[in-house]
Amino acid sequence: MNWKKLTAIAMCTMALTGILTGCGSDAKKDEAKDAASTEIVAYGVIDPQISAQQIIADKKGYFKEEGLNVTNKFIQSGGDMSSLISGGSAQVSFESPYTDIALAANGVGVKIVAPMANIGNTQAIVAGKNANIINGKDLEGKKVGIPAGAGVMIAIRNMCNELNVDISKIQFVTLGPSDAIAALEKGDIDAMACWEPWISNAQKNGGKLLFSGLKSYLGDKQGDVNWMNFYTTMQVSDTFLKEHPDEVKKMLTALKKATDFINENPDEAAEIIAKEINLDKDEVKQIMSQNQYAMTYDDKFIKSCDEIADFMKETNNITNRPDFGKYADSSMLKSVDASLVTAE
């Protein structure tokens, strides 16, 4: 009799376990289905520095592996991202802290959830072939073409401070990148300051690379420097972060896979990205080789953001300087990989 009771109890337990297992499996399927049914439009830029990871995460299937339905949408200029974010179109986007600081200063709810790459090495200064600029001091009295409000000015200022160059003796001329290249060729300016791919184009025309935010080729300072760390970032609107935290985490997981792929397979990554944004593979590879693709949320990243915010306030690009915590949130990244977050 006891044996029959035990058998009956065991059978009921097995049946109940099967039901609960089935429910758990169904719950997971429903969760994946909900994530996949929510279409996420991720805005980026036709640029291997800003949108490298989002392209790789899409083309290598990392978004789908996380059960996400992500559609990448690319614009020509990162400068247009602010209006898309503030207007509510770009709830998920890839750009830079410059954009986020400007938005936060104007009361727009946006949060950087992770850095993507340090592109300070592609923010640089090129001298004309006949400018005779060898040392930092040689820039005194020279004309330097630079776009209005360009962050690369931070690198110039830090170089001047370290090498005792009087920045007030440098004549800055406001010029866009293409106009600066033409002026450099004509000899109307002695040097130009901007970013890739214009830096490489200027060198192809005979220009001499003087220094970037991370490397110096000056006679009186050569090698690695810390004159400008400049990051690309993933940001989301405050509303999206509140309503879709799981999707944000899954996106970050996919982007971490993409980051690893770029660092482990640089040639293949460059080929995939070049095809997607319709640029020359060798050019994309050359630009990407100068960048540090890493989602590390550390003191260097925070300091860079603070330095940009100070610069923007000083140059009247913003009327008030927002605190870092107003436009950045490390909690999602920390939940994905705590080792990536070493500062708050």
Side-chain angles (χ1 to χ4, degrees), residues 38-45 47 49-51 54 70-117 119 123 147-154 195 228-249 251-252 255 295 297-335 341 343-344:
T38 303
E39 182 183 11
I40 300 170
V41 179
Y43 279 76
V45 182
D47 184 327
Q49 306 184 108
I50 293 174
S51 293
Q54 73 175 116
V70 177
T71 299
N72 284 334
K73 189 168 185 177
F74 300 107
I75 61 176
Q76 288 289 335
S77 172
D80 297 329
M81 196 68 77
S82 293
S83 59
L84 292 171
I85 295 173
S86 60
S89 298
Q91 295 201 49
V92 178
S93 61
F94 294 80
E95 228 286 286
S96 76
Y98 201 97
T99 293
D100 301 295
I101 293 166
L103 290 168
N106 286 283
V108 177
V110 65
K111 293 290 185 295
I112 295 172
V113 290
M116 293 286 110
I119 62 171
Q123 317 295 303
V152 68
M153 181 64 82
I154 294 172
W195 47 85
M228 182 186 182
N229 291 289
F230 192 74
Y231 291 82
T232 54
T233 55
M234 173 187 168
Q235 49 275 323
V236 298
S237 68
D238 284 359
T239 300
F240 190 89
L241 184 60
K242 181 179 179 181
E243 296 178 354
H244 302 281
D246 289 338
E247 283 84 350
V248 173
K249 291 176 186 177
M251 281 197 76
L252 290 173
L255 292 165
M295 295 168 66
Y297 198 112
D298 55 11
D299 285 327
K300 187 166 66 172
F301 170 60
I302 295 174
K303 182 181 178 182
S304 170
C305 292
D306 287 341
E307 192 169 28
I308 292 170
D310 289 337
F311 173 74
M312 293 174 71
K313 177 66 170 64
E314 182 183 327
T315 54
N316 297 316
N317 285 314
I318 53 176
T319 56
N320 65 89
R321 180 194 182 284
D323 292 334
F324 179 76
K326 189 173 181 179
Y327 58 88
D329 184 341
S330 64
S331 62
M332 296 292 102
L333 184 61
K334 195 170 187 177
S335 68
V341 181
E344 299 293 338

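Any value given below was found using the heavy atoms of this structure, including those in side chains, with hydrogens, waters and symmetry copies removed.
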Donor-acceptor pair, side chain of [X] and main chain of [Y], under 3.5 angstrom:
X	Y	answer
Asp329	Ser331	yes
Gln235	Ser93	yes
Thr71	Val41	no
Thr232	Ala117	yes

How far apart are the closest heavy atoms of [X] and [Y], and which atoms are they?
X	Y	result
Met251	Ala42	CE-CB, 4.3 Å
Phe94	Met116	CE2-SD, 3.9 Å
Ile101	Ala309	CD1-N, 3.8 Å
Gly44	Met81	O-CE, 3.8 Å
Lys326	Lys111	O-NZ, 3.1 Å
Asn317	Gly149	ND2-CA, 4.2 Å

For the [atom1] atom of [X] and the [atom2] atom of [Y], what is their distance to the nearest 0.5 Å?
X	Y	atom1	atom2	result
Ser96	Asp47	OG	CG	10.5 Å
Ile112	Leu333	CD1	CG	12.0 Å
Ile119	Gln49	CD1	CD	4.5 Å
Asp246	Thr38	CG	OG1	10.5 Å
Ser89	Ile75	OG	CD1	10.5 Å
Phe324	Cys305	CZ	SG	5.0 Å

Using side-chain heavy atoms (C-beta onward) and a distance below 4.5 Å, is [X] in contact with [Y]?
X	Y	value
Leu103	Tyr327	no
Gln54	Val70	no
Val113	Phe240	no
Thr315	Met153	no
Tyr43	Ile85	no

Applying ring pair (Phe, Tyr, Trp, His ring centres under 6.0 Å), can you list everything that pairs with Tyr297, at least two apart in sequence or on another chain?
Phe301
Partner residues of Glu344 under the salt bridge (Lys or Arg N to Asp or Glu O under 4.0 Å) criterion, sequence neighbours left out
Lys334
Side chain to side chain contact (heavy atoms under 4.5 Å, CB included) for Phe230 and Ile308? Distances and angles first, verdict last.
CA-CA 9 Å; Phe230 192 74; Ile308 292 170; 3.6 Å; yes
Going by the salt bridge (charged side-chain N to carboxylate O under 4.0 Å, His left out) test, which pairs reach into residues 305-316, not counting sequence neighbours?
Arg157-Glu314, Asp306-Arg321, Asp310-Arg321
Working note: Tyr231 + Lys300, criterion side chain to side chain contact (heavy atoms under 4.5 Å, CB included); need CA distance, chi angles, decisive distance, verdict.
CA-CA 10 Å; Tyr231 291 82; Lys300 187 166 66 172; 3.5 Å; yes
Neighbour count above 12 (heavy atom, 6.0 Å) for Asn320 CG
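Check passes, neighbour count above 12.
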Test side chain to side chain contact (heavy atoms under 4.5 Å, CB included) on His244 and Val92 and set out the steps.
CA-CA 11 Å; His244 302 281; Val92 178; over 6 Å; no
Determine whether the side chains of Gln91 and Thr239 contain a donor N or O and an acceptor N or O closer than 3.5 Å.
no
